[in-house]
A.B. asks: 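Could you have a look at this structure, given as structure tokens, before my questions?
A note on names: the letters A, B, ... follow the listed sequences, proteins ahead of strands, and every chain is numbered from 1.
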Amino acid sequence: MDGIKEEINNILEGAIRKAIEIGELQISEVPTIPFSPTKTPEHGDLATPVALGLAKQAKLPPKQIAETIKKHVDLDEHPIIRNIEIAGPGFLNVYLSNDWLFDTLQAIYELEENYGTCNKGMGERIQIEFVSANPTGPLNIVSGRAAAVGDTLVNLFNAVGYDAIREYYVNDAGGQVEKLGESIDIRYRQALGEEKLEIPEGGYQGDYVQEFAEAIVDENGDDHLKLSQDERIAYFRDIGIEYLLGQQKVSLERFRVCFDVWSSEKAIRESGKPDEIIEMFREKKYLYEADGATWFRMTDFGDDKDCVVIRTNGEYTYFVPDAAYHRDKYDRGFHKVIDLFGPDHQGHVFRLKNFVKALGLEDDWLEVDIIQQVNLVDSDGTRLDMSKRSGQFFTLDSLIDELADAVGEQFAVDVARYFFLMRANNTHLDFNVELAITQANENPVFYIQYAHARCCSIFQQAKEQQIKLRSLDDIDLEYLTEPSEHELIRKLAEYPSIVLSSAEGREAHRIPHYLHELSGLFHPFYNQHRVLDTDNMDRTQARLILIQSVQTVLANGLRLIGISVPESM
RNA sequence: GCGCCUAUAGCUCAAUUGGAUAGAGCAACGGACUUCUAAUCCGUAGGUUGCAGGUUCGACUCCUGCUAGGCGUGCCA
């Protein structure tokens with residue numbers, strides 16, 4: 001598609017240039033020509049509203065401009081263009097010869113799993129940080145959504161020529177993990193029979209804390225009471241982090257998300273970088289003392305209040321290691337960094353970007369995208385409370401467990417990933433768990449996978465009938481004459497530009513939608529036309545090429561979003 | 001109060017980033033398996049794109065003002 005766009009672009013540019021030369025168009029320069037893939041074959045294969053855009057400058061009606069452009073395209077000289085029509089208010093509808101359709105099939109045939117990839121990124125290094133949940137409990141649903149989106153974005157960037165990695169920032173230092181240590185200590189002592197103890201304000205109430213504490217008792221009894229309370233809490237904190245982080249890793253692996261780098265906040269704090277940054281901020285006069293704390297002049301960067309960076313107790317607030325962490329990312333040589341934050345961190349976005357600016361880094365070096373909340377909805381419409389600290393939250397694992405009961409483990413992960421991906425990042429997602437389970441068999445993800453399985457089945461059948469696929473050189477694609485066949489190829493041709501725009505717009509949801517559309521063209525074709533026909537071997541061969549192409553693109557797309565590619569269902 | 005997000009078919013969401021007649025799935029109704037897999041297909045029905053203005057050849061998309069919902073607004077992360 002891109003190649004053909006460029007070719008048509010050049011031809012139309014030539015026509016416009018000619019019109020300018022002979023004075024039929026009075027405009028200062030040749031404009032960039034926008035193309036919109038047509039919605040219906042009646043509008044040709046490629047359409048451009050370029051004449052509409054020129055109307056004002058040229059002081060001519062759009063239709064007349066379109067006529068002028070059309071007049072200067074020599075169809076004999078460019079056999080790739082079958083016809084040009086002017087429609088509507090002045091659209092130029094370009095009808096291409098069948099050759100370009102066949103070129104698409106040839107490209108897929110040759111590139112196979114690389115069809116859809118390109119080198120737009122030129123090897124530029126990108127880091128995407130996502131999930132980064134506190135190691136104080138199991139991953140929740142929003143983390144699951146972030147995991148699916150982040151994982152797919154990395155795949156997308158790598159597909160279009162970037163060198164992208166997945167990174168997880170472990171918040172293994174600071175107040176939250178202290179609270180974890182305290183909470184475990186309370187549950188530990190309760191398990192040993194101590195009464196009148198309560199989880200402190202802001203502590204962790206989840207059952208998993210109690211279970212963990214009881215496991216400690218089972219293993220070591222009351223040994224840890226010999227330690228001082230501070231020592232004990234610190235110890236529980238450390239083993240708690242280790243255990244819970246381990247659980248998170250297991251969940252993520254189960255969800256088929258594999259991080260390349262795990263960064264530790266504790267390590268950042270101990271690296272000395274936070275101190276360097278504070279020193280640098282002090283030199284730049286970004287800091288001042290007040291109320292016994294050290295403040296950063298966030299108002300200089302347009303925020304409505306300054307913020308504390310060193311507390312009265314001498315500890316850094318989380319801004320400092322966070323800024324240091326981003327400095328560290330820069331030092332590691334990433335051209336661009338994308339952070340995916342949950343909705344509860346949106347207040348942090350503006351400040352973090354300002355800190356990065358204060359570090360002297362370019363404004364667009366760091367991009368922060370919010371993965372909006374996920375509401376778990378019951379079939380009666382009530383929302384489930386997912387607050388981590390109230391202890392009543394729905395974990396990613398429990399979601400997959402429920403789905404797995406209905407459709408099995410492999411498809412459970414497929415369905416969950418698909419549901420998380422099919423919506424744009426910035427929309428709030430209502431996830432009706434019961435619906436996802438009860439409708440599991442009519443799920444869109446199966447629709448796509450089934451299309452792939454059917455493709456495979458055709459080749460299986462061909463094998464049994466001893467029909468051998470000829471090499472492409474020996475196949476006459478002109479046998480593909482059905483409109484539904486041409487529509488399928490047109491859709492296949494769109495795939496590379498979908499991949500590219502998904503990456504550039506950080507719009508992972510476009511891949512599932514595309515695959516659903518492609519499947520939506522394949523299934524009707526399958527029902528209407530037989531592929532294997534021993535009475536018409538030439539057409540059979542041509543159709544096998546088409547089916548193979550559909551199969552390839554479906555598989556490529558499914559791999560991109562981390563969903564399994566079944567050969568039979 | 002201020003900031004961010006959202007509002008499209010009964011429900012959940014799309015809309016090639018400003019293009020032609022706003023599209024899918026689910027739910028509803030009626031049909032199709034002697035066929036390469038019926039987890040499929042064909043047909044019917046469903047709309048003042050929250051409201052009011054503005055920008056232009058053209059607006060679901062951009063701007064302004066409303067309305068409703070969600071989230072954020074800590075010397076937590």
A.B. asks: Remember a base hit wins even if backbone is also touched, and classify A/Tyr447 as base, sugar-phosphate or nothing at under 4.0 Å, heavy atoms.
C.D. replies: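 Touches sugar-phosphate only.
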A.B. asks: Side-chain N or O of A/Lys305 less than 4.0 angstrom from OP1 or OP2 on B/rG74?
C.D. replies: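 The answer is yes; a side-chain N or O of A/Lys305 sits under 4.0 Å from OP1 or OP2.
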A.B. asks: Which part of the nucleic acid does A/Ala55 contact within heavy-atom distance under 4.0 Å: base, sugar-phosphate only, or nothing?
C.D. replies: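 Contact class for A/Ala55: none.
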A.B. asks: How far does the C1' atom of B/rA39 sit from the matching atom of B/rC33, given to the nearest Å?
C.D. replies: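 That atom pair is separated by 14 Å.
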A.B. asks: B/rC71 phosphate, OP1 or OP2: any side-chain N/O from A/His348 under 4.0 angstrom?
C.D. replies: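 No.
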A.B. asks: With a 3.5 Å cut-off and just heavy-atom distances, do the side chain of A/Gln176 and the base of B/rC76 make a donor-acceptor pair?
C.D. replies: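 Pair found.
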A.B. asks: Any luck finding a side-chain donor-acceptor pair between A/Thr294 and A/Glu289 under 3.5 Å?
C.D. replies: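 Yes, a side-chain donor-acceptor pair sits under 3.5 Å.
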A.B. asks: Base, sugar-phosphate, or nothing for A/His452, non-hydrogen atoms under 4.0 angstrom?
C.D. replies: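 Nothing: the residue A/His452, judged by heavy atoms under 4.0 Å, touches no strand.
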A.B. asks: Assess, by modelled atom type and distance only, whether the side chains of A/Gln372 and A/Asn425 contain a donor and an acceptor separated by less than 3.5 Å.
C.D. replies: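 Side-chain D/A pair, A/Gln372 to A/Asn425: absent.
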A.B. asks: If the C1' atom of B/rA24 is compared with that of B/rA15, how far apart are they to the nearest Å?
C.D. replies: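 It works out to 10 Å between them.
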A.B. asks: What about A/Asp172: does its side chain form a donor-acceptor pair under 3.5 Å with the base of B/rA77?
C.D. replies: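 In this structure, the two groups form no donor-acceptor pair.
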A.B. asks: Looking only at atom C1', what distance separates B/rA28 and B/rA45, rounded to whole Å?
C.D. replies: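 Result for the C1' pair: 8 Å, nearest Å.
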A.B. asks: Please determine whether a side-chain nitrogen or oxygen atom of A/Arg454 lies at a distance below 4.0 Å from atom OP1 or OP2 of B/rA38.
C.D. replies: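 Result: yes.
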A.B. asks: Stacking between A/Phe91 and the base of B/rA20 (centre distance under 5.5 Å, interplanar angle under 30°)?
C.D. replies: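 Taking the rule of under 5.5 Å and under 30°, the ring of A/Phe91 does stack on B/rA20.
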A.B. asks: Any N or O donor-acceptor pair under 3.5 Å from the base of B/rA77 to the side chain of A/Tyr318?
C.D. replies: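 Present.
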A.B. asks: Does a distance-only test, which skips hydrogens and angles, find a donor-acceptor pair under 3.5 Å between the side chain of A/His345 and the base of B/rA77?
C.D. replies: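 Indeed, a donor on one side and an acceptor on the other fall under 3.5 Å apart.
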A.B. asks: Would one find a side-chain N or O of A/Asn426 under 4.0 angstrom from OP1 or OP2 of B/rU6?
C.D. replies: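 A/Asn426 to B/rU6 OP1/OP2: side-chain N or O found under 4.0 Å.
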A.B. asks: Under 3.5 Å, is there an N or O donor on one side and an acceptor on the other linking the side chain of A/Thr317 and the base of B/rC75?
C.D. replies: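 Looking at the base of B/rC75, it does not pair with any donor or acceptor on the side chain of A/Thr317 (distance under 3.5 Å).
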A.B. asks: Under 5.5 Å between ring centres and under 30° between planes: true for A/His43 and the base of B/rA20?
C.D. replies: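 Aromatic stack with B/rA20 present for A/His43.
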